[in-house]
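A short worksheet on the structure shown next.
Whatever order the structure lists them in is the order used to number ligands and atoms, beginning at 1.
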Amino acid sequence: MNNPLLEEWETPFGTPPFNIIETSHFKPAFEEAIKSAAEEIKIITENSEKPDFENTIATLDRSGESLGRITSLFFNLNSAETNKALQEIAQAVSPLLTRFSNDITLNRKLFSRIKTVYESKATSGLTTEQKILTERKYRSFILGGAALKEEERERFRSISEELATLSLKFEENILEETNSFELHTTDSDSLAGLPESSIELASSEAEKNKKPGWIFTLHFPSYVPFMQYSERRDLRERMFKAYGSRAFRANSFDNRSNAVNIANLRLEIARMLGFKTYAEMVLGDRMADTPEKVEKFLEELYQASKPAAQRDFESVRIFAENMGHTGKIEKYDWAFYSEKLKKKLYDIDDEILKPYFSLEKVESAILGLANQLYGITFKRNTTIPVYHPEVKTFEVYDSDNSFLSILYIDYHPRPGKNGGAWMTSYRDQKNTGGNDVRPFISIVANFTRPSETRPSLLSFNELTTILHEFGHSLHGMLTKCTYESLSGTNVARDFVELPSQFMENFAFEKEWLDTWATHYLTGEKIPVDMITRIKEASTFNEGYACFRQLSFGFLDMAWHTIKKPVDKNISDFESAAMARTELFPPIEGLNMSASFAHIFGGGYAAGYYGYKWAEVLDADAFSYFTETGIFNRETSKSFRKNILEKGGTDNPQDLYVRFRGKHHTIDAFLRRSGLTRKTG
Ligand SMILES: [Zn+2]
């Protein structure tokens, strides 16, 4: 049977042949590719030569090429253009892929070879890149339980499975609790202050439920504007308490014991693998590679942002008083008065800005920016097969005209596409025997489609989003590494957002906006005072926002640095961790941990600090550009050479210092977010 997924791709640049791939090709291709990947592993384990870097680590990194190619193609498609059939295939192949990866991790012969190479890495003449690859492979086997004794393996496997189930349950409970609440009203007085869009949404929600009037829910599009605009304090209080008590109401969706069990089991796993805490285990390969570093970082930001947070709190409180509020400011008053104050101070909103950011202009401006910074050029190619006619493709060339990458961009929402925006790849870069295999990078987004009368106009937030994803893409496209699993964006979790967030800074620069942002109808340049107000508004309440992020970071670290199982009650545990960041009077019956899906459901355990860490890094990096000129070729060359090209081939801290000439500090971040402003 002919299966294009298993054959050479006779397409321009060897890109995926979307035009001839059929859904029925995937399952057999996965099965076949897993079989041949297993054969390749067998060749490594049955090699009679002494294990060395080349015959073990490098060969392992190169193995499963066909499987990798099919996997990225399939899952990219499943995110950007899915349907029932693809989803069913995903369900069917996921367990096969998990089993295959477990088979590798628990392969004793393979692990023993890796261990041999790992133990002699200091004396065997490896390059830095090879050493890092060896450490990474070794670490992934260790964390997968490869070094455990047979009797421990049983317990390890059972904890892993239990943790997977608990995390799933944790998230399901939150979803259930979020969905179960509604604020139903037929009294139009309840709508006081709400914007039209918010009322419309509530009315259609009621219609959907065959009820009269309006229904408000805890889902963000309904909840957030309600808290920002509703003049009915009693209803804001009800909404807020419902939100804050999710999965903490002593019903069958209560997450108290799930949170405690997850934290305790994580501790047990960490202990089995030889670590003191779970945080110590997961941080090992990060830029902030110990719990102490993370705690020091959080502490430094805490001290630096405390005055600003208190100042923000005070100014909103005074503003509220002037508006006639009496008594204490409660948590459910915060968004309401903040929004009013922001409007008064900056008077800026999306509708005023959008006409200056037509998608067509934004695209050419961003490609032009990359050209200005790095000398690279983009050439449209309409012959490259795509999975949907809307997807645009470019050939990307370096300043010396050598080929760098293919770039796909898929801008608009469709029923089969996930929400949000992301960067991904169909092929990662690697260099095999002097042959530089260049990457295929893709950006997927959900920007408003053009209409008959209007081109696609981006909001300011969408402008920063496309800059962000384009920053990830540059990381993927400019990379020059040897081993695939270290190239491009395959870097430490708390380093990967540097290139992306770095690019967002340009959205606030007059020098860049001036070169392209013009009104799509009148051609008028974006007014200077508008740019100033965008910049100023971006620092509004940043002290408070930083403090809030820190409080989550502290809570996350508290749960993941426990050294013995938690036995006290979750409320006490949480209060102890968060007390120092609390600016409001406490409210009985609310709890953050019970709905903290980032750390108990998703993958942010001992990683929540990463949001702020990345901001501090990108602010420090960009300050180097503002010091030397934002289009300075020397500075951008250094950023490219030391960061964008290097992937994960060196210690991120060393890479950064090579670019910056010194260690990063929090100063630029504090300046950018207005946290160093004096009171008064
Ligand atoms: Zn990102």
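Looking at F297, W613, F669 one by one, the single match for ring pair (Phe, Tyr, Trp, His ring centres under 6.0 Å) with H664 turns out to be W613.
Here E469 fails the criterion, with no N, O or S atom under 2.8 Å of the Zn ion (ligand 1).
Of all the N, O or S atoms in H468, the one closest to the Zn ion (ligand 1) is NE2. In terms of distance to the Zn ion (ligand 1), the nearest N, O or S atom of E497 is named OE1. When distances from the Zn ion (ligand 1) to the N, O or S atoms of H472 are compared, NE2 comes out shortest.
Salt-bridge annotation for D61 and K137: present, with a side-chain N of the basic residue lying under 4.0 Å from a carboxylate O of the acidic one.
By the 4.5 Å heavy-atom criterion applied to side chains, L513 and W516 are counted as neighbours.
S593 and W559 share a donor-acceptor pair across their side chains, judged by distance under 3.5 Å alone.
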